[in-house]
Amino acid sequence: MSETVKISYGGKDFELPVIEGTENEKAIDIAKLRGLSGLITIDPGFKNTGSTTSSITFLDGEEGILRYRGYGIEELAEKSTFLEVAYLLIYGELPTQQQYEKFTREITYHTLVHEDIKKILDGFPSNSHPMGVLSSLICSLTAFYPGSLDPTRNEDAVNLSIVRLLAKMPTFAAWAYKNEVGHPVNYPDNSLDYCSNFLKMMFALPAEKYEVNPVVSKALDKLLILHADHEQNCSTSTVRMVGSSQASIYAAISAGINALWGPLHGGANQAVIEMLEAIKADGGDTKKFLNKAKDKDDPFRLMGFGHRVYKNFDPRAKIIKKAADDVLEAMGVHDPVLEIAKELEYAALNDQYFVDRKLYPNVDFYSGIIYRALGIPTDMFTVLFAMGRLPGWIAQWKEMRENGEPIGRPRQIYTGAQTRGYVSMNKRG
Ligand code: ACO
């Protein structure tokens, strides 16, 4: 017999069903609570609220587990490629050789973007933050592919939009960077793999020969895999929320990019490096900054530390830490900022404040260091996060749509003024 929970209120008992996931996670289904009792639930920041059931990503923050469609992140990061993982997330299974080749071929074919998009890009001042440019260019696809505006259209149309998004994202990301530094854009080179093509579009200059370094390209591919999905986080919930109104997939992904931008979410990787640089410039006293982070009167937080769901080591941070060491060694980079990062990590992990609150380094603590070693400028870090997260956003949007989920529309408890009459301006005191 399925389990239930009893709630007593106003002298009455209400019985609500408990639903259970495949990893034994349990939830009270409160959908009927208001109808039965007149009560709603309130949970700012959705700290204890499941917004959906999902079969894409399993995450156990207490145990430090992350799996995409049942496959451990450690194994995928070691053995797979980003496009294979994208296929897995979006279509539910690892592709066969034939499916993989078709998927890769289609993505490669669609990397070029409409020439008029360059005019939109030209309208942005140089120095524009590339995240703002990226979200705008992605949203502009609604104008270039008006056929995609209705997401209830057939599977082929949806699949074409998915391929276009994956194909054009690196082109837009590289162009957002070129705009920022005032360089001419590079067009895609379809003889290259996904990451190498992006690196070439980003770094190649007309006056110089550019060869993609395979160490850089492989490291980037791994980073994208590690960022590919993370269940119902802020940006993914945004994508699902916007998509739930049946807005176009391009509009939903553009909204996700904007949500990711903030320093408490994907923007943390940029904030981490800025923090480490500030510590270095201040003389390198990590203790001083640790104390600032603990001081409740000081708004400073240790960026790259803490996570809403991981109360143990973020499994992605473990893989990235090792990858950072490998990349720095392979490229012969000595980064003093890495030394500060290691010192800070050691000090925080041994400090009672951080131990008590289970604040561990998250994925962003080390990803910024790798990006730096790969020669990626700081304000492009979150753009790379967006490139990595794209298949997850798409998979979640697709699942939401296939499940026929209703429009997202939370309730509230109103705490403002009660009804009152209008007072004309000359009588207001
Ligand atoms: N530095 C210092 N103290 C911290 C930090 C930190 N980085 N993170 C949390 N705390 C403290 C809080 O002050 C709070 O202390 P209290 O209980 O004494 O009041 C306690 O730990 C719990 O923190 P909350 O803010 O309630 O936790 P929440 O789940 O709301 O926030 C978040 C999670 C936003 C990630 C937070 O830990 C943070 O701001 N970290 C720094 C930014 C960061 O690295 N973000 C990237 C997250 S990963 C990602 O989105 C990809």
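All residue numbers in this chain count up from 1 along the given sequence. It should be emphasised that the depicted structure is a prediction, and the values quoted were computed from it without experimental measurement.
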Are [X] and [Y] close enough for a salt bridge, meaning some N to O gap below 4.0 Å?
| X | Y | answer |
| --- | --- | --- |
| E101 | R105 | no |
| D325 | K342 | yes |
| D13 | K6 | no |

**Request:** Show the numbers, then the answer: is there a side chain to side chain donor-acceptor pair (under 3.5 Å) between Q396 and H230?
**Result:** CA-CA 10 Å; Q396 301 270 352; H230 213 232; over 6 Å; no
**Request:** Could you tell me if the ring centre of F365 sits under 6.0 Å from that of F305?
**Result:**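 Ring centroids of F365 and F305 are less than 6.0 Å from each other.
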**Request:** Verify whether the ring centers belonging to Y9 and F14 lie closer than 6.0 Å.
**Result:**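 For Y9 and F14, the ring centres are not under 6.0 Å apart.
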**Asked** When the ring planes of F289 and F300 are compared, do they come out parallel, tilted or perpendicular, using 30° and 60° as the limits?
**Response** perpendicular
**Message:** Classify the ring geometry of F82 against Y194: parallel below 30°, tilted from 30° to 60°, perpendicular beyond 60°.
**Reply:** tilted
**Request:** Could you please spell out the steps behind the side chain to side chain donor-acceptor pair (under 3.5 Å) verdict for E231 and S54?
**Result:** CA-CA 8 Å; E231 49 118 305; S54 177; over 6 Å; no
**Message:** Name the residue from K318, E345, R316 that meets the side-chain hydrogen bond (donor to acceptor under 3.5 Å, both in side chains) definition with Y366.
**Reply:**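 Result: among K318, E345, R316, E345 is the only option passing the side-chain hydrogen bond (donor to acceptor under 3.5 Å, both in side chains) with Y366.
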**Prompt:** Between K288 and G284, is there a donor-acceptor pair closer than 3.5 Å when you use the side chain of the first and the backbone of the second?
**Reply:**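 No, K288 side chain to G284 backbone: no donor-acceptor pair under 3.5 Å.
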**Request:** Taking E15 for its side chain and V5 for its backbone only, find out whether a donor-acceptor pair lies under 3.5 Å.
**Result:** no
Under 3.5 Å side-chain donor-acceptor pair for [X] and [Y]:
| X | Y | answer |
| --- | --- | --- |
| T81 | D221 | no |
| N233 | S235 | yes |
| R240 | S51 | no |

**Message:** Using side chain to side chain donor-acceptor pair (under 3.5 Å), reason through N258 and S135 one step at a time and then give a plain yes or no.
**Reply:** CA-CA 7 Å; N258 286 324; S135 77; 3.0 Å; yes
**Prompt:** Under the side chain to side chain contact (heavy atoms under 4.5 Å, CB included) test, which residues partner N24, sequence neighbours left out?
**Reply:**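 Residues passing side chain to side chain contact (heavy atoms under 4.5 Å, CB included) with N24: E20.
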**Message:** Nearest 0.5 Å, please: how far is CZ in R67 from CG in L59?
**Reply:**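 L59 atom CG to R67 atom CZ measures 10.5 Å (nearest 0.5 Å).
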**Message:** Return the CZ to OG distance between F381 and S367, rounded to the nearest 0.5 Å.
**Reply:** 7.5 Å
**Request:** For salt bridge (charged side-chain N to carboxylate O under 4.0 Å, His left out), just list the numbers for R372 and E277, CA-CA rounded to whole Å, side-chain angles, deciding distance to a tenth of an Å, and then say yes or no.
**Result:** CA-CA 12 Å; R372 250 165 81 96; E277 292 278 16; 2.6 Å; yes
**Request:** Test L16 against I30 for side chain to side chain contact (heavy atoms under 4.5 Å, CB included), laying out the working first.
**Result:** CA-CA 7 Å; L16 297 170; I30 53 108; 4.2 Å; yes
**Request:** Report the C-alpha separation of N197 and T111 in whole Å, then their side-chain angles, then the decisive distance to 0.1 Å, and conclude whether the side chain to side chain donor-acceptor pair (under 3.5 Å) test is met.
**Result:** CA-CA 9 Å; N197 179 36; T111 50; 4.8 Å; no
**Pairs involving residues 83-96, ordered by first then second residue, that meet side-chain hydrogen bond (donor to acceptor under 3.5 Å, both in side chains) (sequence neighbours left out)** =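 Applying side-chain hydrogen bond (donor to acceptor under 3.5 Å, both in side chains) to every pair that reaches into residues 83-96, excluding sequence neighbours, yields S80-E84, Y87-Q99, Y91-N159, T96-Q99.
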